[in-house]
Amino acid sequence: MPKQSLSITHYHNRIEDEERMRPLEFGLIRRIFSYTNKYRLRRNLLIFFVVSRALQMPMLAWAIGEVIGGPVTNLSRADASFEQSGLFWGVVGYFCLAALTNFFFHFRQRLALELGESVVCDLRNEVYQHLQRMPMSFYSRTKLGRIISRMTSDIESVRAGVQDVFFVSIVQGGQMIGAAALMIYYNWRLFSVILAMAPILYFINRHFRRRLSKATREVQESMSRVTSTLAESVNGIRVTQGFSRQDTNAGLFRQLVDEHSRYNMAVAKSSSLLNPLLEMNGQFFLAILLLLGGFQVFSANSVVDVGDLVRFFFLANLFFAPLLVLGNQYNQSLVAMAGAERVFGLLDQKPDWEDEADAVAIESIEGRVEYRNVSFRYEETKPVLRDISFKSNPGESTALVGHTGSGKSSIINLLAKFYLVDEGGVEIDGIDLKKITSESLHRHMGIVLQQNFLFTGTVTENIRFGRPDASDEEVVQSVKDLDCLDIIESLPDGFHTEVGERGASLSLGQRQLVCFARAMLANPRILILDEATSSIDTMTEAKLQRALERLLKGRTSFVVAHRLSTIRHVDKVIVLDQGRIKEMGTHEELVAREGIYAGLYEQFSKASQS
């Protein structure tokens, strides 16, 4: 069945670009359990309890056989009192062994759950830290839902592999080996009958392994698509409702859910065939054992008594019982392998670039910025910047102007080191950005973007994000400096107002104000404003003009804006068109030149007056 994904307008088939691996790969299993090395004592103690319980189970069956084959069988003898005493002590011994077995079972379960949780906790932290190191290009091409599914369902699958599959399989496999050893000891001829089923079990397992491997992998991938589409739908709910797309989107999502359900049904059908087949084979061979064992007991020269036969059947049941459990564990192992493959695939995904080994952390900067013959492209065949060269001195404000797609945001993305240049170089204080660590660079930089993100929490907490060690008084002062204290205080709980997820409880303008205050509190040497006033009404924008002048004063700043009223007083205006610099100068110089900027400014003036 082909894998499918959801399109905005229609449902179509498409194979996900994911590397395929063998379901049970030793290297992958070894890597999973390398995460238990940190908890070596707990893991080794768990292995002790697991192996002990695996040996205890056959001993319980052996003890029952001994009691039945000894005292119970011989109670009719003259010295019945002796046999009754033997029965009593046999039951006591069995009870003690059973109690010890359950004591070990308690710690086996407890330690397995603790080990699984510890591994999952470490794995989630490692994935999160890895995501923090990935550059912006990774997030521009990776769906949010797929990242979420790696952190949730895929890691949970790994948990099952660590705490259940491995240790349960050891218990069940050890139980089979122990029972087999005792059966060989008591009657190797009868046990040879059991060996005859090995080829049958092998071919059954081989057939269903292939089917289950494919089906479980498809379940994991389809769930990732469901999660991805759900996340995208929730984020875009305003657009969906605004264009009355609820029914259409629900239908497309229903097809994804139906697809996921079909894959789950395929797993269920294969499992529902495998498990009964394993159980039927066990029952079939027990019937053969009963027949052959009965003939041995009743034969004239038999050395096998009823007690031995009963003991053998207890052991045989203990030998066949794990087959069903191991079949289920095999299914779980396939899910765990698929989840681990996807998680490690993310962890092994190298960033498009990393700080160079000789990059240095800068303690302070003056704010001198220079672009030298910079060319850049997001895709190999589509350049977005061509031969960009300009300088900005410390404390100088530079505006970037141009039509949509002209390269304005790309210039500031390179300055913030979200991407690296393909040709040329960007320097700060004469040091190439490639030689500066990203973390130290960002400590001296403040960014206010068009689509600013607010975290769940209060207004104060979101402003303090710019400088976590700032006091409440400093947070309030940053708002006062923007002359926007009345706007924040007008909120239901003032600075303690909960902003909601992504700032949903605030208006667009209020969100921008919080982001301005965040940048003001950070007190950066380089400030970037990318369409920062596009979501603010004219009255609020006018109120912010004086505050922005104070915010920009003494800082090297780059302003990207469609509203040309926000850049009249900047020191330099750079006009971009199709990734090239077309004009450069002050506002007055460019208006007098009557070129591209003058035309843009005239259009803006007419639009403002209408």
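Since this is a predicted model, take the numbers as computed values, not measurements. These values consider heavy atoms only, across backbone and side chains, with no hydrogens, waters or symmetry-generated copies.
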Residue list, side chain to side chain donor-acceptor pair (under 3.5 Å) with Ser438, at least two apart or on another chain: Asp355
Phe319 to Ala180 - nearest heavy-atom pair and separation: CE1-CB, 4.0 Å
Flag if over 12 foreign heavy atoms under 6.0 Å of CD, Gln132: yes
For Arg377 against Asp422, the heavy-atom pair lying closest together: N-OD2, 2.8 Å
Gap between atom CD1 of Ile148 and atom OG of Ser153 - 0.5 Å precision: 10.5 Å
List the atom pairs, with distances to 0.1 Å, where a side-chain N or O of residues 346-354 and a protein N or O form a donor-acceptor pair under 3.5 Å, not counting sequence neighbours.
residue : atom : partner : partner atom : Å
Asp348  : OD1  : Arg31   : NH1          : 3.2
Asp348  : OD1  : Arg31   : NH2          : 2.8
Asp348  : OD2  : Arg31   : NH1          : 2.8
Asp352  : OD1  : Arg141  : NH2          : 3.2
Asp352  : OD2  : Ser137  : OG           : 2.4
Asp352  : OD2  : Arg141  : NH1          : 3.0

CA sep, side-chain torsions, deciding dist, call: Val343, Leu123, side chain to side chain contact (heavy atoms under 4.5 Å, CB included): CA-CA 9 Å; Val343 172; Leu123 198 53; 4.2 Å; yes
Lys/Arg cation over aromatic Phe104: Arg53, 6.0 Å, 45° cone: no
Side chains of Tyr139 and Leu131 in contact at under 4.5 Å (non-hydrogen atoms): yes
Pairs meeting criterion salt bridge (Lys or Arg N to Asp or Glu O under 4.0 Å) with involvement of residues 40-52, two or more places apart: Arg42-Glu114
Atom pair CD/CZ of Gln255 and Arg262 - distance to nearest 0.5 Å: 9.0 Å
Heavy-atom side-chain proximity of Asn413 to Met136 below 4.5 angstrom: no
Contact check, side chains of Val120 and Gln163, non-hydrogen atoms, under 4.5 Å: no
Pairwise side-chain contact, Phe105 with Thr101, heavy-atom cut-off 4.5 Å (strictly under): no
Side chains of Phe49 and His106 in contact at under 4.5 Å (non-hydrogen atoms): no
Salt bridge (Lys or Arg N to Asp or Glu O under 4.0 Å) involving Asp258 - partner list, sequence neighbours excluded: none
Residues that Asp164 engages under salt bridge (Lys or Arg N to Asp or Glu O under 4.0 Å), provided they are two or more places apart: none
Shortest non-hydrogen separation from Val162 to Phe166 and the atoms involved: O-CB, 4.3 Å
Point-to-point distance, once rounded to the nearest 0.5 Å, from SG of Cys121 to CD of Glu126: 12.0 Å
Contacts of Phe465 that satisfy ring-ring contact (aromatic ring centres under 6.0 Å, His included) - sequence neighbours left out: Phe455
All ring-ring contact (aromatic ring centres under 6.0 Å, His included) counterparts of His130, not counting sequence neighbours: none
Results of ring-ring contact (aromatic ring centres under 6.0 Å, His included) for Tyr378 - residues two or more places apart only: Phe376, Tyr419
Ala336 to Ser157 - nearest heavy-atom pair and separation: CB-O, 3.3 Å
Heavy-atom side-chain proximity of Thr36 to Leu115 below 4.5 angstrom: yes
Test item: Ser261 side-chain N/O and Val257 main-chain N/O as donor-acceptor pair under 3.5 Å: no
Gap separating the CD1 atom of Ile47 from the CD1 atom of Ile170, nearest 0.5 angstrom: 6.0 Å
Listed partners of Lys434 passing salt bridge (Lys or Arg N to Asp or Glu O under 4.0 Å), at least two apart: none
Which residues share a ring-ring contact (aromatic ring centres under 6.0 Å, His included) with Phe418, sequence neighbours left out: His442
pair Ile155-Arg150: side-chain heavy atoms closer than 4.5 Å: no
Thr458 OG1 to Glu498 CD distance, which is reported to the nearest 0.5 Å: 6.0 Å
Intermediate values then yes/no, side chain to side chain contact (heavy atoms under 4.5 Å, CB included), Val50 and Phe107: CA-CA 9 Å; Val50 165; Phe107 283 100; over 6 Å; no
Approximate separation, where rounding is to 0.5 Å, of Leu41 CG and Leu111 CG: 9.5 Å
Within residues 314-326 or reaching into it, pairs that qualify as salt bridge (Lys or Arg N to Asp or Glu O under 4.0 Å) - sequence neighbours excluded: none
Any donor-acceptor pair under 3.5 Å from Lys435 side chain to Glu356 backbone: no
Taking every non-hydrogen atom, the tightest pair across Arg108 and Phe167: NH1-CB, 4.0 Å
Nearest heavy-atom neighbours spanning Val171 and Ala54: O-CB, 3.6 Å
Contacts of Arg124 that satisfy salt bridge (Lys or Arg N to Asp or Glu O under 4.0 Å) - sequence neighbours left out: Glu156
